[in-house]
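Hydrogens, waters and symmetry mates are skipped; everything else that's a heavy atom, side chains included, is used. When a residue number appears, it is its place in the shown sequence, counting from 1. Nothing here was measured: the structure is a model prediction, and the numbers come from that model.
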Amino acid sequence: MSKVTRSDTKKSFGLEVNGPVFWTSIIILIISIALVLVFREEAEVFFSDVQSTVTASMGWLFILSVNIFVGFCLYMAFGKFGDIRLGGKEAKPEFSTSSWFAMLFSAGMGIGLLFWSIAEPINHFQTPPMGEPGTPAAARQAMNFTFLHWGFHAWAIYALVGLALAYFTYSRKLPLTVRSVFYPFLGERIHGPIGDIIDILAVLATLFGLATSLGLGVSQVASGLHHVFPAIDNDVYTQIMLIGGITAVATISVVTGVEKGVRILSEWNIRIALLILVAVLLLGPTVFILSSYVQNTGSYLGNFLQLSFWNEAYSTRNWQGSWTVFYWAWWISWAPFVGIFIARVSKGRTIREFVLGVLIVPSLLSFLWMTAFGSTALQEVLSGRTAISEAVANDMSTALFVFFEQLPFSTVFSIVGIILVAGFFVTSSDSGSLVVDSLTSGGRTDSPVGIRIFWAIAEGAIAAVLLLGGGLQALQTAVIITGLPFALILLLMCYSLYRGLSEELEEVNNLSKIQQRKDYQQLLTEMLTKRNAKYEAEHSEGKSNVPPRQTDSNL
């Protein structure tokens, strides 16, 4: 098993970066931003056409790919590789389990859960993919599809990329970049143009995936501020100002690094989120939430295969284009970002512990969050109170704050909600900056602060430009375009990881056989030596007529 420590970091215009990846990514981003700013009206039409075309023709590929990722992760956890420890047998986890869960959950889902926890179930309830809208059956179906989009499939994508990166970084001693995962069949070519192309695609997917989340987050912060303080306008210019302010805070966190800024903010985000969740459980319809949580989870698991492979083959609506396909593209776009981040904090865990930890715990927590907010909102609408459904129809970003109006202390909830969205914005931005910096600097984790600051500002700029150039649809289209080629890369990643782990397991088994052979030879030699000593003692005393036996020197 080859172990390589080579880095792809080189001096480029005085910067310690991987020049082809760093400068090519910047050029593509500048051209994209300039085109959107110059052709704003044309950009809206372009984004709409591209989204429809890609989702209608390639949606099946996204759906099939993500199901392959789920099956592959389960095989990793329960198959022959489960006991392999990331970083070697003696490696120990660097973070406690609670901190580990907090960081991966905060980076992987944060803003999206707050934005979609009410908007998505109500949307599915009002315009279901199948059946009649506005019925109890539509409500059950709405929660099934919400769980599908936020459950095991999403986390399987993260688990695949995180596991592959952690293994090749800590066990094979390769740079922490996506190209390293393909070493088993590309070999040293990962350090050439092929590797550069892989990392460029990873950078673009990460930046546009992050921009989508940041755009959603800032639109929700603006809606919340307008809801609590009507004097503050909720328009795109307010959102851009908020992006600037929150990005400045994220930049401070970037400077402090993972150990301080990211870890501390992630833990506080989870604490605030859990506080809101517990408050909703206690102040809302507690029994209904717990009952529906059990029912929703059972319904999702019972219909798991049908939901997973449903492809709208006998329909012309293209409902999935705006939902399931968008989500799979979004999670795939986020995969380099979340995967690298999870890899950085997962050294010392076994493959089984890693996969099951990433798949199960965040999914169950997401289900509880979606049930507490989504099912409660559905109950409100089914009971004839339409304020939430009207808010979703008019502006989805206001749904959370209209929901809070149904609870005591609604203003307090809204303010805390705004703070939490901003907090998730910051952790997503600073985590993303560290990841993009690693990708563009050849896998370094100690790049100059100035480069990390640059990427934090770039993420905010992309989100702002996409909001100017078409709002939510522009964000969705950017994700789908970058997610499609990266889905193919992830399929190759499955094969490469399997091949790399097979090589390690074969080496471990060979070493075990050699050790067992040595142990057997040593034991047999000791037995023969003792037996000869006994025969010699008996012969010398005249107790035996049997001559001493000779040891076989070849054993």
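Residues I451 and S441 form no side-chain contact, since every pair of their non-hydrogen atoms from C-beta on lies 4.5 Å or further apart. Counting heavy atoms from C-beta outward, I351 and D83 have side chains that stay 4.5 Å or more apart. Side-chain contact between L484 and L61: present, with at least one pair of heavy atoms (C-beta onward) separated by less than 4.5 Å. With contacts defined as side-chain heavy-atom distances shorter than 4.5 Å, the pair Y167/S171 qualifies. Here the side chains of R344 and L165 are not in contact, with every heavy-atom distance at 4.5 Å or above. Here the side chains of R179 and I194 are not in contact, with every heavy-atom distance at 4.5 Å or above. Side-chain contact check for W310 versus I63: every heavy-atom pair is 4.5 Å or farther apart. Two residues are said to be in side-chain contact when any heavy atoms from C-beta on lie closer than 4.5 Å; E120 and Y327 meet this criterion.
At distances below 3.5 Å, at least one donor-acceptor pair connects side-chain atoms of Q220 with backbone N or O atoms of L114. Looking only at distances, no side-chain donor or acceptor of S496 sits under 3.5 Å from a matching main-chain atom of L492. E459 places a side-chain N or O within 3.5 Å of a backbone atom of S433 that can act as its donor or acceptor partner. A donor-acceptor contact shorter than 3.5 Å links the side chain of S363 to the backbone of L359. A donor-acceptor pair under 3.5 Å links the side-chain atoms of R499 to the main chain of P184, judged by distance alone. Proximity of a side-chain donor or acceptor of S180 to a complementary backbone N or O of L174 within less than 3.5 Å is not detected. Between the side chain of E312 and the main chain of W319, a donor-acceptor pair closer than 3.5 Å is present. Remark: side-chain polar atoms of R172 are paired, donor with acceptor, to backbone N or O of G500 under 3.5 angstrom.
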Side chain to side chain contact (heavy atoms under 4.5 Å, CB included) assessment of V178 paired with M493: CA-CA 9 Å; V178 177; M493 188 178 290; 4.1 Å; yes
Which is it for Y498 and F72 under the ring-ring contact (aromatic ring centres under 6.0 Å, His included) test, yes or no, and what are the steps along the way? CA-CA 9 Å; Y498 176 83; F72 182 81; 7.4 Å; no
Does the pair F81 and S502 meet the rule for a side chain to side chain contact (heavy atoms under 4.5 Å, CB included), with working shown? CA-CA 8 Å; F81 305 123; S502 296; 3.5 Å; yes
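The distance between the ring centers of W328 and W323 does not fall below 6.0 angstrom. Taking the ring centroids of W150 and F367, they lie at or beyond the 6.0 Å cut-off. Taking the centre of each ring, F304 and H153 come in below the 6.0 Å mark. Taking the ring centroids of W369 and W116, they lie at or beyond the 6.0 Å cut-off. Aromatic ring centres of Y158 and W155 lie closer together than 6.0 Å. Taking the six-membered ring where the residue is Trp, the centroids of F182 and F168 are separated by 6.0 Å or more.
Interatomic distance, CG of N18 versus CG of L439, reported as 10.0 Å (0.5 Å rounding). Here W23 contributes atom CH2 and I30 contributes atom CD1; the two are 9.0 Å apart, rounded to the nearest 0.5 Å. The distance from atom CG of L64 to atom CZ of F309, rounded to the nearest 0.5 Å, is 7.0 Å. Distance check: Q320 CD to F145 CZ gives 7.0 Å after rounding to the nearest 0.5 Å. Atoms CD1 and OG1, from I340 and T177 in turn, are 7.5 Å apart once rounded to the nearest 0.5 Å. Within the model, atoms CD1 of I28 and CG of L204 stand 5.0 Å from one another, a figure rounded to the nearest 0.5 Å.
Taking the six-membered ring where the residue is Trp, F22 and F454 present tilted rings, their angle falling between 30° and 60°. Aromatic ring pairs are classed by plane angle as parallel below 30°, tilted from 30° to 60° and perpendicular above 60°; the pair F354 and W100 is tilted.
Among all heavy-atom pairs drawn from T247 and A456, the shortest one is CG2-O, 3.4 Å. Nearest heavy atoms, A159 versus V358: CB-CG1, 3.8 Å. Across every non-hydrogen atom of A166 and A343, the tightest pair is N-CB, 3.6 Å. When every heavy atom of L160 is checked against every heavy atom of C73, the shortest pair comes out as N-SG, 3.8 Å.
Considering V66, I68, V161 as possible partners of L490, the one that fulfils the side-chain contact (heavy atoms from CB on, under 4.5 Å) test is V161.
Under the rule for a salt bridge (Lys or Arg N to Asp or Glu O under 4.0 Å), R85 has no partner lying at least two apart in sequence or in another chain.
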